[in-house]
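Start at 1 with the first residue, then count along the sequence.
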Amino acid sequence: MPKTALEIQLKTLPNEPGVYQYYDSEGKILYVGKAKNLKKRVSSYFTKTHDSGKTRVLVKKIASIKHIVVNTETDALLLENNLIKKYRPRYNVLLKDDKTYPWICIKNERFPRVFTTRRVIKDGSEYFGPYTSMKTVWTLLDLIRGLFPLRTCNFDLSPEKISAGKYKVCLEYHLGNCQGPCEGLETEAAYLEKIVAIKEILKGNFKSSLIQFKSQMKELAEDMQFEQAQKIKEKIGVLENYQSKSTIINPKISNVDVFSIMSDEEYGYINFLQISYGSIIRSHTLEIKKKLDEPDKELLELAITEIRQRFHSNSKEIYAPFHVDLGEDLLITIPKLGDKKHILDLSLRNAKYYRMERFKQAKITDPDRHVNRIMAQMKTDLRLKDEPRHIECFDNSNIQGTHPVAACVVFKDGKPSKKDYRHFNIKTVEGPDDFASMEEVVYRRYKRLVDEEQSLPQLIIIDGGKGQLSSALKSLDALNLRGKIAIIGIAKRLEELFYPDDPIPLYLDKKSETLKVIQQLRNEAHRFGIEHHRNKRSKTALNTELETIPGIGEKTIVELLKHFKSVKRVSEATKKELEEVVGVSRARKVYNYYHKI
């Protein structure tokens, strides 16, 4: 479709809720979106300046638009979700999770069986779920079978066949796990009472079953049937124990869906908790891959629609961390304190744990994804033009000005590249001058890289505050590299990050992965520099006669070498010159040693 035709279509879009679809010149669907107002939403793609490069590319590819008008915003959400799953457009978020979940089935038959299945058959049977964990399913089934004797056979227990005596009780009857409906030993009405109680338990309502069991126990005790009463008491204990494990703080909170979101540069993680009768009856986390840097609000709205469809939720109230547009039929609550806030925090914690587990798994199964995510996060956190795939960190090391050295450590793709580490002996600076030393090593490092036409880093980190950063900038200016390489300084005390020409430091979250990588670089540079300094100091000590002079310790040796620069100059110094450096007593010992007095 020519551009002019596209512009005409934009002007004629309705001001109604609906779903829009973008297509490329070959008729391939690119993107599906929903809108409260189709005209405003679709027009914004073509009138706004988009920060995301992916969105700009998408807009360039749009050749035609189709739209569907719906009655309400809720309908738009549902339709958008269905179309995304059907067509899987390139620029839409990817809902990762298509596995079949287990259900608990109450079969549509006389004396219904209760069992687990992954196939939902529309034969009138009731299905509870789906559950996200088989462990939950087996726990519930064990609880039900421990409380209520049920049949497990698949016989057709019609009145005619039972009265004809077609079936005989099996071992399950003799073990007490079934009450023998196949021989007419249990009435259908009594059996269905148990099924009603089971349905309530599966919904999270334990109250009616507890009342019923307590009533039975009391009646049995009054009839002196203490053994039977004890068995009922044990069932009450099992039910109360299960209830206490699953009940949240406030049992009054019922029939509520809780949603929270945790996201990074590439993915969104949405946790869902379903609350019924004060119990968490379901927890599920959905992972969504971003395609157009979608905001959390958009991801959460899509995920809520998907999850509620998938798990057949009919709850009328939703707890969320911020307002979401889901139509007028749902009550959106944003908890600020109390039990409701506690539940929302629990959901967020589940999302965070899921994200952490995915990261750990990704490190093993897909290390490239892990690296790409960290690089993208560092680019955003540090406000860089490019991902810092190659980072170099500098640190000065000297003790009382002796043997000044510097270290440069190199990280590539977030990992140490030890073959690229470099030591520097300070050549042009006299005495302990960290600023001048930093200026020298940065100049030497990048002069060499430029001369040898080697690749330059995307980021330089200077271990120090504004002073060291300014010194390093002088060297970059001298080499005409300022602006071509990003450079920051990190001050130790408060982990402040300093930028050129910006007096206000940047503070990163103490738990952020970006700060952890920077700290790892800084600590590695410090370790590497100290190691070289110690080696150099030890080598000097081994090669000097000074340590063989009786009564002269390491501190005196350091002071002498710091002043005279070499052992030869110490040996040629006058007694007065020595006294000015180390005092009368130690000067006499050194002078006497070299002059054989």
Side-chain angles (χ1 to χ4, degrees), residues 51-53 264-266 293 371-396 406-417 420-422 424 434-435 437-492 494-509 512-526 528-529:
D51 295 331
S52 167
D264 53 40
E265 289 297 302
E266 291 187 74
D293 298 327
V371 169
N372 293 342
R373 181 185 56 75
I374 289 179
M375 291 297 104
Q377 192 69 47
M378 289 190 74
K379 178 186 173 184
T380 302
D381 290 347
L382 299 176
R383 305 177 301 204
L384 305 176
K385 289 190 294 184
D386 304 300
E387 290 185 354
R389 295 281 174 171
H390 177 176
I391 309 173
E392 298 190 353
C393 182
F394 291 87
D395 180 42
N396 288 328
C408 170
V409 300
V410 180
F411 273 35
K412 292 184 176 177
D413 288 333
K415 296 176 183 176
S417 179
D420 295 312
Y421 284 17
R422 294 293 181 268
F424 295 89
D434 277 352
F435 299 154
S437 298
M438 186 63 72
E439 186 177 344
E440 177 190 326
V441 297
V442 171
Y443 183 87
R444 285 167 55 190
R445 169 65 174 166
Y446 297 112
K447 178 75 166 65
R448 180 164 187 168
L449 290 186
V450 170
D451 289 346
E452 296 178 0
E453 297 183 351
Q454 296 185 44
S455 62
L456 296 170
Q458 286 86 35
L459 176 64
I460 298 170
I461 297 173
I462 303 299
D463 182 14
K466 294 179 184 177
Q468 282 92 338
L469 180 61
S470 298
S471 300
L473 277 167
K474 289 179 186 176
S475 296
L476 293 187
D477 285 335
L479 295 166
N480 198 29
L481 292 176
R482 186 162 182 171
K484 296 178 182 178
I485 309 174
I487 183 168
I488 60 174
I490 178 169
K492 287 187 179 73
L494 296 172
E495 306 293 40
E496 300 168 313
L497 298 180
F498 289 96
Y499 286 75
D501 305 321
D502 189 347
I504 301 172
L506 173 69
Y507 296 92
L508 292 176
D509 187 327
S512 79
E513 289 180 290
T514 298
L515 184 59
K516 286 178 182 175
V517 172
I518 292 173
Q519 288 171 330
Q520 189 183 355
L521 271 153
R522 191 263 313 280
N523 295 341
E524 183 72 352
H526 189 64
F528 191 57

Query - Residues in salt bridge (charged side-chain N to carboxylate O under 4.0 Å, His left out) contact with K447, at least two apart in sequence or another chain - result: D451
Query raised in the report: Which residues pass the salt bridge (charged side-chain N to carboxylate O under 4.0 Å, His left out) test with E453, sequence neighbours left out?
Result: none
So, do [X] and [Y] sit near enough that their side-chain heavy atoms are less than 4.5 Å apart?
| X | Y | result |
| --- | --- | --- |
| Q377 | S512 | no |
| Q458 | L384 | no |
| I461 | L459 | yes |
| I487 | P500 | yes |
| E440 | F424 | no |
| I518 | L497 | yes |
| I462 | V442 | yes |

Run the side-chain contact (heavy atoms from CB on, under 4.5 Å) test against [X] and tell me which residues pass, sequence neighbours left out.
| X | answer |
| --- | --- |
| F435 | D433, Q468, S471 |
| Y507 | L494, E496, P505 |
| A376 | E265, E387 |

Query raised in the report: What do the steps show when you test V517 against M378 for side-chain contact (heavy atoms from CB on, under 4.5 Å), and what is the final call?
Result: CA-CA 9 Å; V517 172; M378 289 190 74; 3.9 Å; yes
Any chance you could measure [X], atom [atom1], to [Y], atom [atom2], to the nearest 0.5 Å?
| X | Y | atom1 | atom2 | answer |
| --- | --- | --- | --- | --- |
| E439 | D477 | CD | CG | 10.0 Å |
| L515 | D381 | CG | CG | 9.5 Å |
| D386 | I485 | CG | CD1 | 11.5 Å |
| M438 | K474 | CE | NZ | 13.0 Å |
| M375 | T514 | CE | OG1 | 8.5 Å |
| L521 | D395 | CG | CG | 11.5 Å |

How far apart are the closest heavy atoms of [X] and [Y], and which atoms are they?
| X | Y | result |
| --- | --- | --- |
| F498 | P503 | CE2-O, 4.4 Å |
| L469 | I488 | CD1-C, 3.9 Å |
| R445 | V410 | NH2-CG2, 4.0 Å |
| E392 | L449 | OE2-CD1, 4.3 Å |
| L481 | Y446 | CD1-CB, 3.8 Å |
| A407 | A525 | CB-O, 3.6 Å |

**Report entry** Residues forming a side chain to side chain donor-acceptor pair (under 3.5 Å) with N372, sequence neighbours excluded
**Finding:** R389
Query raised in the report: Does atom CZ of R448 have more than 12 heavy-atom neighbours from other groups under 6.0 Å away?
Result: no
Query - Enclosure of H390 NE2 (heavy-atom neighbours >12, cutoff 6.0 Å) - result: yes
Query raised in the report: For the side chain of Y499 and the backbone of L382, is there at least one donor-acceptor N/O pair under 3.5 Å apart?
Result: yes
